[in-house]
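Below is one structure, written out as structure tokens; comments come after it.
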Amino acid sequence: PSQTSGQPVSVTGEPVDEWALNLVNQAIAGGLMPDHLKGQDLREPITRLQFAALTVRLYETASGQSIQVPGENPFTDTSDSEALKAYSMGFTAGTSDSTFGPGELLTREQAAVMLMNAATALEIQETIDAFAQETRSRDRRNREKGRKDRSREARGVRRETEPKPE
């Protein structure tokens, strides 16, 4: 991995932590790095505009379709093409009827909404629903297994992996 002053950097030069380096480089190689993040310290929090650009890039890469910049801009605080694309596709709304909040840090709920809206546009909602159902089923199975294990322990039955008392 490349390093600057002892700090790992991505293949395009953005500072990134060691644990994320390989996946960040894969995302860059896969065309998922929007211009809004190029040259940025990727260890820092992300803004609404940067995440909107990331969501647009994800959609365009996954769908193979470019989103056209709409002719009308409802925002007074940005004319950024990526913000307008994200808005026109319904990935995000503004922070008010006339503002986008491009420099505001993104909340987790805003990130979830943008990603779910992009997933819906990509028509992968069924995959997400199936994943959520499997996660709920796995959680339910784990809870049931935990109850059975506690019940067995309460009756004095040890698991096979537990050492026998001497």
Side-chain angles (χ1 to χ4, degrees), residues 1-140:
S2 301
Q3 296 200 353
T4 301
S5 304
Q7 174 61 47
V9 294
S10 70
V11 294
T12 52
E14 295 80 17
V16 62
D17 284 327
E18 185 70 39
W19 65 267
L21 184 61
N22 288 336
L23 288 175
V24 167
N25 284 335
Q26 287 177 27
I28 292 168
L32 295 176
M33 175 72 86
D35 289 340
H36 285 76
L37 293 178
K38 290 184 178 166
Q40 300 293 312
D41 187 335
L42 300 181
R43 300 165 300 174
E44 296 296 319
I46 196 165
T47 66
R48 285 178 43 81
L49 178 58
Q50 290 169 331
F51 197 81
L54 187 61
T55 305
V56 165
R57 180 58 62 96
L58 172 67
Y59 175 85
E60 290 179 335
T61 301
S63 70
Q65 300 173 12
S66 293
I67 301 171
Q68 297 304 309
V69 179
E72 197 170 309
N73 179 1
F75 305 120
T76 58
D77 61 348
T78 188
S79 58
D80 185 271
S81 62
E82 301 303 300
L84 296 175
K85 287 178 181 182
Y87 177 78
S88 73
M89 289 295 293
F91 300 160
T92 186
T95 54
S96 76
D97 288 342
S98 63
T99 59
F100 183 81
E104 293 179 22
L105 293 181
L106 187 76
T107 65
R108 289 172 188 83
E109 65 188 359
Q110 290 169 340
V113 168
M114 283 191 213
L115 290 175
M116 286 303 297
N117 288 339
T120 299
L122 287 166
E123 299 176 352
I124 59 173
Q125 186 64 44
E126 289 178 18
T127 302
I128 292 169
D129 291 343
F131 174 77
Q133 178 61 39
E134 174 56 30
T135 300
R136 285 190 295 272
S137 296
R138 185 178 57 242
D139 290 347
R140 191 176 323 109

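Residues take their numbers from the sequence shown, with the count starting at 1. Worth saying up front: this structure is predicted, and the values here are computed from it rather than measured. The basis for the numbers below is simple: all heavy atoms, side chains too, and nothing from hydrogens, waters or symmetry mates.
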Residues in side-chain contact (heavy atoms from CB on, under 4.5 Å) contact with [X], at least two apart in sequence or another chain:
X: Thr99; answer: Thr76, Asp77, Thr95, Ser96
X: Tyr87; answer: Pro74, Phe75
X: Val113; answer: Asn117
X: Ile28; answer: Ser10, Val11, Thr12, Glu14, Val24, Asn25, Met33

Counterpart residues, side chain to side chain donor-acceptor pair (under 3.5 Å), relative to Ser66 (two or more places apart):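 So Ser66 forms no side chain to side chain donor-acceptor pair (under 3.5 Å) with any residue.
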Residues in side chain to side chain donor-acceptor pair (under 3.5 Å) with Thr78, at least two apart?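 Expected list: none.
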Pairing residues for Asp17 by the salt bridge (charged side-chain N to carboxylate O under 4.0 Å, His left out) criterion, not counting sequence neighbours: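 Asp17 satisfies salt bridge (charged side-chain N to carboxylate O under 4.0 Å, His left out) with no residue once adjacent residues are dropped.
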Pairing residues for Asp35 by the salt bridge (charged side-chain N to carboxylate O under 4.0 Å, His left out) criterion, not counting sequence neighbours: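 Residues passing salt bridge (charged side-chain N to carboxylate O under 4.0 Å, His left out) with Asp35: Lys38.
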Can you measure from CD1 (Ile46) to CG (Leu37) and round to the nearest 0.5 angstrom?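 Between atom CD1 of Ile46 and atom CG of Leu37 there are 5.0 Å.
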Summary of salt bridge (charged side-chain N to carboxylate O under 4.0 Å, His left out) pairs that have at least one residue in residues 104-121, sequence neighbours excluded: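 Not a single pair qualifies under salt bridge (charged side-chain N to carboxylate O under 4.0 Å, His left out).
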Sequence neighbours left out, what pairs pass salt bridge (charged side-chain N to carboxylate O under 4.0 Å, His left out) with at least one residue falling in residues 85-98?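 Only Glu60-Lys85, Glu82-Lys85 qualify under salt bridge (charged side-chain N to carboxylate O under 4.0 Å, His left out).
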Show every ring-ring contact (aromatic ring centres under 6.0 Å, His included) that has at least one partner inside residues 15-74, sequence neighbours left out.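 Passing the test, one end in residues 15-74: Tyr59-Phe91.
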Looking at side-chain heavy atoms only, is the closest gap between Pro102 and Asp80 below 4.5 Å?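 No. Closest side-chain heavy atoms not under 4.5 Å.
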Which residue pairs pass the side chain to side chain donor-acceptor pair (under 3.5 Å) test when at least one of the two sits in residues 39-56, sequence neighbours left out?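 Listed by first then second residue: Gln7-Arg43, Asp41-Arg43, Thr47-Gln50.
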